[in-house]
Amino acid sequence: MSPDLSTALHFHGLHMKEEPYQDGQVAATQCTLPPYQNQTYEFVAREPGTHYWHLHSSLQRTDGAAGPLIINDPQDPLKDKYEEEEILFLVDWYHTSGLERRVGLDSVPFVWVGNPGVFLINGKGPIASDNVACNNEYGTKTYKFIEGKTYRLRIINGASLVAMNFAIGGHNLTIVEADGTIVNPVTVPNLDISPGQRYSVLLKAGSAGTYEMSTTMRARPPKETIQGLATVIIGDDANENVIKPIHPEWNNYEAPYGNTFEKTITTQTVPEDVKTKVLDAKPDLSYVVLGTQNARSSDGKLRWAVNNITQQFEKVPIITHVYNVAKKQGRWGNDTDLGGTYFDLPTEPGFSWNYTFEHNATNYPPGSKDVSNSGIPVIKAVKGQLIQIVLQNLRALNSVPELHSWHLHGHYFWQVGQGFGNYNPKIHDKDFNLVNPVRRDTLTIWPISWVAIRFIADNPGVWGFHCHMSSHLVMGMGIQIVTSPDMLPPPPDAATSCFANSLASAAEDVPTTSGGISNW
């Protein structure tokens, strides 16, 4: 990453309760941190489990600015289930910089980022080189396991675009954790994991031999074979007969994959107050959210929109603006007028459509012929309100059925339902899992499908809810949950002084918590 770019740091999976200015979402909870300056994030690590950190500005995390973040629980119910653990950080690596790819996304005509050059596992992967030293240092990694021993593999998809399927030849994986939540054990031969998601799986090392650990692409047509590769050796010596895993085809979403897989992941212990306040309660706020893709009328740029609003930030961070509005008006409510380029997120799309229809650019859904609204789509919540959001997937403008992974800042949500095709509350709500749905913070919407979530807005602040595929996010696919900013302490310099010290030179080395102009 270039040292002359401004940035911010996000801790994916941590809710920052009572510390809303530490979330690291550029232009939402802080200004960007200018070049040659520093910022200290201070927070309590409250959420145990498998998480990660990454930069949260433009496409910067795609250049390698990300890594695991494990918060250990002294009372971890899994601690007696395994003997050793390994952290496996999966990424899709591009041979062009994030800045180059961002220019293409903002160009007219549009230039897509394309598929990554290689998949990496803990920073290593297959490379085309005859140099032995180069291969030893940067090529595939080898893991040595002991026969009969049980390992906890903490698998993190830190990719910028690609959902992956992970597997180890000759071995099953037992899922025991999803995004920090202990789940009922589910044993699978391979694991689908989308960008931003984390799983812990238990693996019992089999008989002595050599096994391939690999990742493959899901829901995107690979123009060439792209795999992440590593080697697992059980016993003393490697064997030339490498046992390889079986992966699903990139577009196989039928059982046991896709929505069928999602339904098998359930929370092991659901607190009683969640049953009464979330699962058995009627939502205070309810939304059906449709992501569409089209050209923005003002400049012709290809954008993603949510209920026909493409997210584009202002120069003043959202948290500072809403704090000032609430303070000036002396109140906060669902009807508070935020002014500027803030839009109340419509409770449903502006049109009905058969979302499974194989359309194209000439017969794209009526009512979304262009993206007419650019600004900040918000859900205004009062602390304690129950929110239900149904995300409906639609084909992209070129008719390709996309997969999206959506991440919610500041909260866990309960994934109460999912299915293929058009969401219909009269048909599908009765089939919601209101007993033990999975609690997590990052979900997968499979192509031409829908997902329903519920959560209590119990964390005052500004919390992004967005597609975690970096290119989709910078193209506008996201919203903001604004909860009771009247309860916040005054914003610090990092969220107010966006132009202070922004021209400091490297030689001055000015320590500050200020930021610069946002490039989100």
Side-chain angles (χ1 to χ4, degrees), residues 12-15 47-52 71 73 76-78 81 152-157 163-166 173-188 190-202 218 253 255-281 283 386-391 393 403-420 423 428-429 431-446 449-456 458 465 468:
H12 187 109
L14 276 62
H15 300 165
E47 294 77 26
T50 306
H51 309 299
Y52 81 113
I71 300 178
D73 182 358
D76 186 357
L78 299 175
K81 305 291 186 183
R152 178 181 187 170
L153 307 181
R154 296 181 184 264
I155 306 170
I156 303 166
N157 188 339
M164 300 182 190
N165 184 266
F166 172 91
L173 311 170
T174 299
I175 302 168
V176 291
E177 178 212 352
D179 295 359
T181 295
I182 304 302
V183 299
N184 291 309
V186 176
T187 300
V188 295
N190 49 64
L191 175 69
D192 280 330
I193 180 168
S194 292
Q197 291 188 321
R198 296 90 64 206
Y199 284 103
S200 282
V201 301
L202 300 182
R218 296 288 275 143
Y253 317 127
Y257 302 107
N259 293 306
T260 301
F261 168 72
E262 302 295 331
K263 293 176 182 178
T264 66
I265 310 300
T266 56
T267 299
Q268 191 168 87
T269 303
V270 179
E272 285 299 322
D273 65 328
V274 170
K275 294 179 181 178
T276 57
K277 296 179 181 179
V278 178
L279 303 181
D280 296 336
L386 175 62
I387 300 176
Q388 176 173 296
I389 300 176
V390 177
L391 294 163
N393 205 346
L403 176 150
H404 301 284
S405 62
W406 278 64
H407 171 58
L408 177 61
H409 291 229
H411 307 77
Y412 291 116
F413 54 73
W414 299 85
Q415 188 169 322
V416 296
Q418 55 276 310
F420 177 82
Y423 167 71
H428 297 123
D429 285 13
D431 293 327
F432 280 180
N433 179 358
L434 302 179
V435 178
N436 61 351
V438 64
R439 184 196 72 166
R440 63 188 321 160
D441 57 56
T442 307
L443 58 84
T444 300
I445 316 177
W446 290 89
S449 294
W450 57 270
V451 176
I453 66 170
R454 289 183 182 180
F455 64 96
I456 293 179
D458 58 358
F465 184 39
H468 211 261

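By convention here, the first residue in the shown sequence is residue 1. The figures that follow rest on heavy atoms only: side chains count, while hydrogens, waters and symmetry mates do not.
Atom CG in Leu153 sits 12.0 Å away from atom CD1 in Ile175 (nearest 0.5 Å). In this structure, Arg440 CZ and Phe413 CZ are separated by 7.0 Å, a value rounded to the nearest 0.5 Å. Rounded to the nearest 0.5 Å, atoms CG (Leu408) and CD1 (Ile387) are 8.5 Å apart. Interatomic distance, Gln418 CD to Ile453 CD1, rounded to the nearest 0.5 Å: 11.5 Å. Interatomic distance, CG of Leu403 versus CD1 of Ile445, reported as 8.0 Å (0.5 Å rounding). Between Ile156 atom CD1 and His51 atom NE2 the span is 9.5 Å, to the nearest 0.5 Å.
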Verify side chain to side chain donor-acceptor pair (under 3.5 Å) between Tyr423 and Asp429, making sure each step is shown before the conclusion. CA-CA 9 Å; Tyr423 167 71; Asp429 285 13; 2.6 Å; yes
Does Gln388 form a side chain to side chain contact (heavy atoms under 4.5 Å, CB included) with Arg454? I'd like the steps, not just the answer. CA-CA 4 Å; Gln388 176 173 296; Arg454 289 183 182 180; 2.7 Å; yes
Go through the steps for Asp192 and Thr444 under the test side chain to side chain contact (heavy atoms under 4.5 Å, CB included), then give the verdict. CA-CA 10 Å; Asp192 280 330; Thr444 300; over 6 Å; no
Please report the C-alpha distance between Arg154 and Glu177 in whole Å, then the side-chain angles of each, then the deciding distance to 0.1 Å, and finally whether the side chain to side chain contact (heavy atoms under 4.5 Å, CB included) criterion is met. CA-CA 9 Å; Arg154 296 181 184 264; Glu177 178 212 352; 3.9 Å; yes
Checking side chain to side chain contact (heavy atoms under 4.5 Å, CB included) for the pair His12/Thr442: CA distance, chi angles, key distance, verdict? CA-CA 10 Å; His12 187 109; Thr442 307; 3.2 Å; yes
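Between Pro185 and Gln268, some side-chain heavy-atom pair lies under the 4.5 Å cut-off. The shortest side-chain heavy-atom distance between Ile389 and Phe465 falls under the 4.5 Å cut-off. In this structure, the side chains of Val188 and Thr264 stay at 4.5 Å or more apart for every pair of heavy atoms. The side-chain heavy atoms of Leu173 and Phe166, taken from C-beta on, include a pair separated by under 4.5 Å. Looking only at side-chain heavy atoms (C-beta outward), Asn433 and Lys263 stay at 4.5 Å or farther from each other. Counting only heavy atoms from C-beta outward, the side chains of Pro48 and Asp76 never approach each other to under 4.5 Å. With a 4.5 Å cut-off on side-chain heavy atoms, Thr174 and Val201 do not count as touching. In this structure, Val270 and Val435 have side chains that are not in contact, with every pair of non-hydrogen atoms separated by 4.5 Å or more.
The nearest pair of heavy atoms linking Ala452 to Phe432 is CB-CZ, 3.6 Å. When every heavy atom of Phe420 is checked against every heavy atom of Ser449, the shortest pair comes out as CA-OG, 3.7 Å. Of all heavy-atom pairs between Trp414 and Pro271, the closest is CH2-CD, 4.4 Å. Shown here for Ser194 and Ala163, the closest heavy-atom pair between the two residues is OG-CB, 3.8 Å. Nearest heavy-atom pair across Asn259 and Gly419 is ND2-C, 3.5 Å. The nearest pair of heavy atoms linking Gly180 to Tyr412 is O-OH, 4.3 Å.
Between Thr266 and the choices Val183, Asn184, Thr181, the side chain to side chain contact (heavy atoms under 4.5 Å, CB included) rule is met once, by Asn184. Of the options His409, His411, His15, a ring pair (Phe, Tyr, Trp, His ring centres under 6.0 Å) to Phe455 is made by His411 and by none of the others.
Shown here are the side-chain hydrogen bond (donor to acceptor under 3.5 Å, both in side chains) partners of Tyr52, two or more places apart in sequence or in another chain: there are none.
Judged by distance alone, the side chain of Asn157 and the main-chain N or O of Ile193 form a donor-acceptor pair under 3.5 Å.
In the model, Ser200 has a side-chain atom that pairs as donor or acceptor with a side-chain atom of Arg152 under 3.5 Å.
Between Asp458 and Lys277 there is no salt bridge, since none of the side-chain N atoms of the basic residue sits less than 4.0 Å from a carboxylate O of the acidic one. The pair Arg198-Asp441 meets the salt-bridge criterion, with a side-chain N (NZ, NE, NH1 or NH2) lying under 4.0 Å from an Asp/Glu carboxylate O.
Taking the centre and axis of the six-membered ring of Tyr257, the NZ or CZ atom of Arg218 falls inside the cone set by 45° and 6.0 Å.
His428 and Trp450 have tilted rings, their planes meeting at an angle from 30° to 60° on a 0 to 90° scale.
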